[in-house]
2 protein chains.
Amino acid sequence: MRADAQLNRDRILDAARDAFAVRGLDVPMAAIARRAGVGVATLYRRFPTRESLITEVFADQLAGCLSLVDDALADPDPWRGFCSAIEKVCAMQVIDRGFSAAFLTAFPDAIDFDKARTRAEEGFAAVVRRAQESGGLRADFDPADLALILQANAGITADSPAVALAASRRLVAYLLQAFHTNQAGSLPPPAPLALQHAIG
Amino acid sequence: MRADAQLNRDRILDAARDAFAVRGLDVPMAAIARRAGVGVATLYRRFPTRESLITEVFADQLAGCLSLVDDALADPDPWRGFCSAIEKVCAMQVIDRGFSAAFLTAFPDAIDFDKARTRAEEGFAAVVRRAQESGGLRADFDPADLALILQANAGITADSPAVALAASRRLVAYLLQAFHTNQAGSLPPPAPLALQHAIG
DNA sequence: CCAGAACTGGAGTCCCCCGTCCGCTTATGA
DNA sequence: TCATAAGCGGACGGGGGACTCCAGTTCTGG
């Protein structure tokens, strides 16, 4: 690839990251191009579909999710690992509107994106098992409850990111207290919520 | 008003109710008109703005919210009243996507809609106070947490309404357990979440 | 240095939605 | 019955976003 093309590619990625974070995933392509200081054609040549742009932009954030699961598994206290994993992913989600949408959306053609998400899900299931065996996490917590948490957390919006983050933290704190073993109440059965929700 | 005009008006209202419930608040006006079997002009003549249509469609549901608060206050067990109020409003919200959006959205010109919502908020604050005084609801529950719950619950989506309802019920059950007095943990401070979030 | 391939940006096309205008139709009540 | 006002629907202009085409520009290897 020519050097100037590479430069433009990076500029587009930066612009898209910013735009997605602030305005969500359906920001106009033209707006991204303008912000990047390139023409629309350049954007489309590099990323033929919106989807390809999205997967490229959020690839590293997704990797962050994976390492976050590893951190949770490495924590000597399984319950604390579980809590910090949820806290971190919810914080990521609420700070970056685009990441939240990308994470919760199914991309029919982005195989590796979906694969990474699946891997994150499996890792999280391990975190859950470990936390349950240690006695910190209530036994009727279902791995599908992760989707529940993420969807609920994704619903949090506010005018400023700071307020949204504070609200999210409070929600997560409530939920984590409900998830702890010392919680006696019974629950309705888990619903088969899919983490990724088809576009449309 | 002429009899046939009245009939068309009712048809439009029905069509809009259905459309909003399934596809959310930003369904094209033309789609509503088509579903109602009328021309676009008829729709616009009866409801000059989308907002006027929305407020008309959801007026009775909003009234349902108000009576729901009254029910909660009438319950001899304050804690149970609090729980059932939250359960009912969350169920309404998750079954009807449009209602959720309408409830969470500020309409600059719909004074009575906003007024009704404010009244519901005040009533709910009374429910909260009563439940706290009875010792069922933890003291650090903040009335603004209602917005938190509704936003979180609004985030729940699934392919079928039944699944969404099941998921919502489970979320609400978790949260109610966290709200109960027997819950010992500390919380981050409440965030100044506004219930109504401006359009745009 | 320069030929040519790689690259570029903006103009152009297509499509969808909004909201209005206008000529035709239909209910109404005298 | 019929004059008339109320009501009707489809066509139309405007605006915005997705995606493409092409003539001009810029990098790069020999």
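Chain A is the first sequence line, chain B the second, and so forth, proteins listed ahead of strands; every chain is numbered from 1.
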Sidechain-backbone polar pair: B:Gln132 side chain, B:Ala139 backbone, donor-acceptor under 3.5 Å:
yes
Any B:Asn8 side-chain N or O less than 4.0 Å from OP1/OP2 of D:dC8:
yes
Taking atom OH of A:Tyr44 and atom CG of A:Leu53, what is their separation to the nearest 0.5 Å?
10.0 Å
Please write out each protein N/O paired with an N/O of nucleotides 22-27 of chain D under 3.5 Å, distance rounded to 0.1 Å.
| unit_1 | atom_1 | unit_2 | atom_2 | d |
| --- | --- | --- | --- | --- |
| D:dT26 | O2 | A:Arg2 | NH1 | 3.2 |
| D:dT26 | O2 | A:Arg2 | NH2 | 3.4 |
| D:dC27 | O4' | A:Arg2 | NH2 | 3.3 |

Let's see if you can work this out: which of D:dG7, C:dT20, D:dT20 has an atom nearest to the side-chain heavy atoms of A:Tyr44?
D:dT20
Between A:Arg11 and A:Asp14, is the salt bridge (Lys or Arg N to Asp or Glu O under 4.0 Å) condition met? List the steps.
CA-CA 5 Å; A:Arg11 271 207 274 259; A:Asp14 283 348; over 6 Å; no
Whole Å only: how far is the CD atom of A:Gln6 from the P atom of C:dA6?
16 Å
Specify the residue among B:Ala30 and A:Arg9 whose closest nucleotide of DNA chain C lies further upstream toward the 5′ end.
A:Arg9
Pairing residues for B:Phe113 by the ring pair (Phe, Tyr, Trp, His ring centres under 6.0 Å) criterion, not counting sequence neighbours:
B:Phe107
Determine, using ring centers only, whether A:Phe179 and A:Tyr174 are less than 6.0 Å apart.
no
Ion pair present between B:Lys115 and B:Asp112, side-chain N to carboxylate O less than 4.0 angstrom?
no
Looking for any heavy atom pair under 4.0 Å, which part of the strands does B:Arg34 touch: base, sugar-phosphate only, or nothing?
nothing
